[in-house]
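All remarks here apply to the structure that follows.
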Amino acid sequence: MANQTTQFKRTVSGTVNSGMRSMFGGDGRRYFIIEHKDDSATHRRGEQQKMIVDEVFIGRDKKCQVLIDEQFGTVSREHAVIVRSGDQWKLIHRSSTNDTFVNGQRVMGEQVLQNGDEIQLSQNGPRLGFIVPQGDQSLVKSIGMTARLDLFRQQALRPYKTAVALITTLLVLAIGGAVAWAIISNNHHKQDMDTLAGENAKLQDEIDANKQIPFPQAEFENYVYTIKLINFTVTAPEKTYTKAKFPAGPIWTYNYDNDADDQYPAPIGTGFLTSDGYFITARHVIEPWEYFKLDENSSNPLNVATLYVRLGGTIDATYQIERKDGYRKTLHYRDFTVDKSRNKDLNVTATDADPYKVKSTMSNNDYAYSKMPADNSKLVMNDNLCENMEPNTPLHILGFPKAVGSTTNKVSPQYTNATTTNRGLYEGSIPVTDANFESGNSGGPVFCEKDGQFYVVGIVSSAIGNNHGVIIPISSVKR
């Protein structure tokens, strides 16, 4: 039998008005976070929603700010609501058919929430975490203006789909919020013109501060390098593999010809130098043999390297890196650190009768780095930002797509861009769309702007089809 419910009706004051105050970054206004603790079609486990309005409905109805997936049939359309109560928040149980629990205890009508409480919608239903940020981070004004506008649209406007609401909202944005603010807030007393002018100026300042800033390519491009494999030497494994066409002798060296007409041109990619002295690139740029598709009948020199290494042989390689101002440096395979901890078993033989199992690389450890003098590099890594970007965040990329910009006597990184498709990371990587990745871009730095500064948030890894791609978050680099 369901417990006692409390009637509560959605109000304009608790949604649109409070959303507007948050959008202006009202003095002292605070927000809370809902953390999803179960995977569903609408939310991933660990995903967090910042709530900036005073009435947050939870349920399967599309008007709810916290939308629960239809797979949870025991969750009501409007199962519960969290409302501001002075300086606190209280949860109001609304479902007439299923219970609501806080920390395993059934809610009898309503209950004041505490930081860290766990909310569960129905017995064995989805679980939500209630989080109150601490200190200045709990203030709504700590959220960027662009993010606030998006949260206002999702939380204050979602319950209202009428043309009047949409027109009013457009009016708010068009005139800086001053006149529409007075209309929506149902403020019946006359407002002083100086106050209106002040609010308008305040909003305009925030909008100006959050305009998209042009990417300062010239500031960064001298710390972005083309990287080319010059030669490699492989030592045969102790065991031989009868199906392979090994070169004569236990040690074999291959030198790449710089001639563009060479049947097998030297693999080329991108690397970059960070402000704390790390030269970073993609692992498959440094270890192409680890990612090479084995073909016993191919004469490609990487085919031999791939087979030797996978069967237990050793390898060393030499690379040349070069940047725009003409600086060149030689690096060796032994100079680089790679992460082999997430490699997986792979059977490289054609039949079960010849059972060689080796370790193959995984996409989420596609990075390599070497320590170098920082040389006043302006490329600053940001581990936190790379894991907490919102969907549709613009990303900026420098590199050498199809070796463009890395021809003889001309090293000039090319600019491309992409857009995030997920909130935070997905399976350990940053999935993107609108990507223009080509071979040669691999290993290039990916930038994101925050508070007027551009940070390195990732490493170009691979393309998926013609429009999508994968970026390795800079936080994955175990440095």
Side-chain angles (χ1 to χ4, degrees), residues 13-36 43-44 46-58 64-67 82-84 87-89 113 115-116 128-159 169 172-173 176-177 180-181 184-185 198-213 382-395 419-420 422-425 430 447-455 457:
S13 176
T15 51
V16 178
N17 288 7
S18 63
M20 286 296 297
R21 288 194 292 274
S22 291
M23 193 168 70
F24 280 110
D27 294 338
R29 278 192 63 81
R30 299 180 182 275
Y31 70 96
F32 68 90
I33 295 172
I34 288 293
E35 180 181 20
H36 294 265
H43 300 285
R44 292 184 293 111
E47 179 183 333
Q48 295 186 341
Q49 291 181 265
K50 296 177 179 178
M51 313 310 302
I52 65 170
V53 296
D54 291 352
E55 298 171 3
V56 176
F57 280 74
I58 307 171
C64 292
Q65 289 94 340
V66 180
L67 182 61
I82 298 175
V83 299
R84 185 184 295 275
D87 293 333
Q88 296 180 308
W89 297 90
L113 293 172
N115 184 27
L128 307 169
F130 176 79
I131 302 172
V132 180
Q134 302 301 302
D136 290 344
Q137 288 302 309
S138 67
L139 298 175
V140 174
K141 65 181 181 182
S142 69
I143 304 173
M145 184 61 180
T146 302
R148 269 185 269 161
L149 288 170
D150 189 49
L151 292 173
F152 173 78
R153 176 183 59 81
Q154 295 176 23
Q155 297 171 21
L157 297 186
R158 171 175 277 176
T169 303
V172 170
L173 300 179
W181 165 248
I184 295 176
S185 66
E199 292 287 359
N200 185 60
K202 182 179 180 180
L203 178 62
Q204 188 60 52
D205 288 344
E206 292 213 45
I207 290 175
D208 290 342
N210 285 276
K211 285 182 179 178
Q212 188 167 343
I213 302 172
N382 192 319
D383 289 353
N384 183 62
L385 179 58
C386 77
E387 296 182 355
N388 294 282
M389 292 183 292
E390 296 293 322
N392 301 314
T393 298
L395 301 177
T419 305
T420 60
N422 278 63
R423 180 175 289 106
L425 304 182
I430 305 171
F447 300 84
C448 180
E449 182 269 332
K450 179 176 176 61
D451 298 330
Q453 184 171 351
F454 287 86
Y455 297 95
V457 294

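Just so we're clear, the structure is a prediction, and the values are computed from it rather than from any experiment.
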Q.
How close do Met51 and Tyr31 get, counting heavy atoms only, and between which atoms?
A. O-CB, 3.1 Å

**Q.** Minimum side-chain heavy-atom gap Thr393-Thr419 below 4.5 Å
**A.** no

(Q) Do Gln49 and His36 pair up side chain to side chain, a donor and an acceptor below 3.5 Å, judged on atom types alone? (A) yes

Q.
Determine whether a donor-acceptor pair (N or O, by modelled atom type, separation under 3.5 Å) exists between the side chain of Glu387 and the backbone of Gly424.
A. no

Q. Going from CZ on Arg148 to CD1 on Ile52, what distance comes out if it is rounded to the nearest 0.5 angstrom?
A. 8.0 Å

Q | Any residue meeting side chain to side chain donor-acceptor pair (under 3.5 Å) with Gln453, in chain and number order, not counting sequence neighbours | A | Tyr455

Q: Report the residues that fulfil side chain to side chain donor-acceptor pair (under 3.5 Å) with Asn388, sequence neighbours left out, ordered by chain and then residue number.
A: Asn384

Q. Is Lys141 salt-bridged to Asp136, going by a charged N under 4.0 Å from an acidic O?
A. no

**Q.** Any side-chain heavy-atom pair of Val53 and Gln65 under 4.5 Å
**A.** yes

(Q) Please report the interatomic distance OG(Ser13) to CE(Met20), rounded to the nearest 0.5 Å. (A) 13.0 Å

Q: Kindly write out the residues that satisfy side chain to side chain contact (heavy atoms under 4.5 Å, CB included) with Asn115, not counting sequence neighbours, or none if the list is empty.
A: Ile131, Val132, Gln134

Q. Going through the checks in order, is the side chain to side chain contact (heavy atoms under 4.5 Å, CB included) test met by Cys448 and Met389?
A. CA-CA 9 Å; Cys448 180; Met389 292 183 292; 3.7 Å; yes

Q. Who pairs with Asn422 by side chain to side chain contact (heavy atoms under 4.5 Å, CB included), at least two apart in sequence or on another chain?
A. Arg44, Tyr426, Pro431

Q: Taking all heavy atoms of Glu55 and all of Thr15, pick out the closest pair and write down the distance.
A: OE1-CG2, 3.9 Å

Q) Of all residues at least two apart in sequence or in a different chain, which pass the side chain to side chain contact (heavy atoms under 4.5 Å, CB included) check with Leu113? A) Ile82, Leu91, Val102, Asp117, Ile119, Phe130

**Q.** With sequence neighbours excluded, residues passing ring-ring contact (aromatic ring centres under 6.0 Å, His included) with Phe454
**A.** Phe215, His396

Q: Grab the two heavy atoms, one from Cys386 and one from Leu425, that are nearest each other, plus how far apart they are.
A: O-CD2, 3.4 Å

Q.
Evaluate Phe447 against Leu395 for side chain to side chain contact (heavy atoms under 4.5 Å, CB included), listing each step before the verdict.
A. CA-CA 6 Å; Phe447 300 84; Leu395 301 177; over 6 Å; no

(Q) So Gln48 and Ile34, do their side chains get closer than 4.5 Å, heavy atoms only? (A) no

Q) Is any side-chain heavy atom of Ser138 less than 4.5 Å from a side-chain heavy atom of Phe32? A) no

**Q.** Gln137 side chain vs Ser142 backbone, donor-acceptor pair below 3.5 Å
**A.** no

Q.
Has His43 got a side-chain atom pairing as donor or acceptor with Glu35's backbone, closer than 3.5 angstrom?
A. no

Q.
Nearest 0.5 Å, please: how far is CG in Leu67 from CD in Gln154?
A. 11.0 Å

Q: Assess whether side chain to side chain contact (heavy atoms under 4.5 Å, CB included) is satisfied between Asp54 and Arg29, documenting all intermediate values.
A: CA-CA 10 Å; Asp54 291 352; Arg29 278 192 63 81; 3.0 Å; yes

Q: Take Lys50 and Leu151 through the side chain to side chain contact (heavy atoms under 4.5 Å, CB included) test and state the conclusion after the steps.
A: CA-CA 8 Å; Lys50 296 177 179 178; Leu151 292 173; 4.2 Å; yes

(Q) Testing the basics here: between Val140 and Ser22, what is the closest heavy-atom pair and its distance to 0.1 Å? (A) CG1-O, 3.3 Å

